[in-house]
Amino acid sequence: MPKPHIDLVLPVFNPQSGWFNVVMQGKKNFEQATSKSVRLIIVDDGSPKANAFAEVVETETVLLVKSKSNYGKGAALRLGFTKADAAVV
């Protein structure tokens, strides 16, 4: 896969059921509208539920990064930025 145009870092804590499908639909719509490829970097900010991210399917364009504890949005974003390598983050 070629390098994505955009890396989108998405910090998430205790997500509700169905959230991943909504995010993926938004990604698809954006890609179709702009002809830009997007890689999602989803950061689990220490969610206590063991199955909180069960619906996330990791692919070449979806990366799940897990934090050991809930350090807050800023720390989750910084952790996600360390995984980003696209021209636009």
> Do D7 and F81 come close enough that some side-chain heavy atom pair is under 4.5 Å?
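Counting from C-beta outward, D7 and F81 never come under 4.5 Å.
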> Hydrophobic clustering (ILVMFWY, side-chain heavy atoms < 4.5 Å, transitive) - are V12 and V56 grouped together?
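They do share one cluster, since a chain of ILVMFWY contacts under 4.5 Å joins V56 to V12.
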> Which pair of heavy atoms, one from V38 and one from T61, lies closest together, and at what distance?
O-CB, 3.7 Å
> Between D45 and P11 (side chain of the first, backbone of the second, donor and acceptor by atom type, cut-off under 3.5 Å), is there such a pair?
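The answer is no, because no donor-acceptor pair under 3.5 Å joins these two groups.
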> Are side-chain heavy atoms of V62 and R39 found at a separation under 4.5 Å?
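Sidechains of R39 and V62: no contact.
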> Can you measure from CZ (F53) to NZ (K66) and round to the nearest 0.5 angstrom?
7.0 Å
> Check the hydrophobic clustering (I, L, V, M, F, W, Y; side-chain heavy atoms under 4.5 Å; chains of links allowed) and say if V65 and V9 are grouped together.
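Linked within one cluster.
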> Using side-chain heavy atoms (C-beta onward) and a distance below 4.5 Å, is Y71 in contact with L79?
no
> So, for I6 and K36, which heavy atoms are closest and what is the spacing to 0.1 Å?
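For I6 versus K36, the nearest heavy atoms are CD1-CB, 4.2 Å.
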> Do the side chain of E58 and the main chain of L64 share a donor and acceptor less than 3.5 angstrom apart?
yes
> In terms of hydrophobic clustering (I, L, V, M, F, W, Y; side-chain heavy atoms under 4.5 Å; direct or indirect links), are V89 and I41 co-clustered?
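Yes, it is one cluster - the side chains of V89 and I41 are joined through contacts under 4.5 Å.
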> Taking H5 for its side chain and S37 for its backbone only, find out whether a donor-acceptor pair lies under 3.5 Å.
yes
> Specify the closest pair of heavy atoms between E55 and N21, including all atoms of both residues, with the distance to one decimal.
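Reported closest heavy-atom pair: OE1-N, 4.2 Å.
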> Do L77 and V43 touch side chain to side chain, with heavy atoms closer than 4.5 Å?
no
> Is there a donor-acceptor pair closer than 3.5 Å between any side-chain N or O of D44 and the backbone N or O of S47?
yes
> Locate the shortest heavy-atom distance separating L10 from W19; write the atom from each residue and the value.
CD2-CZ3, 4.4 Å
> Is K68 atom NZ crowded by more than 12 heavy atoms from other residues, nucleotides or ligands, each under 6.0 Å away?
no
> Is it the case that the side chains of N29 and Q25 hold a donor-acceptor pair, with the cut-off being a distance below 3.5 Å and no angle test?
yes
> In the single-linkage hydrophobic clustering (I, L, V, M, F, W, Y; side-chain heavy atoms under 4.5 Å), do F30 and L63 co-cluster?
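No, separate clusters.
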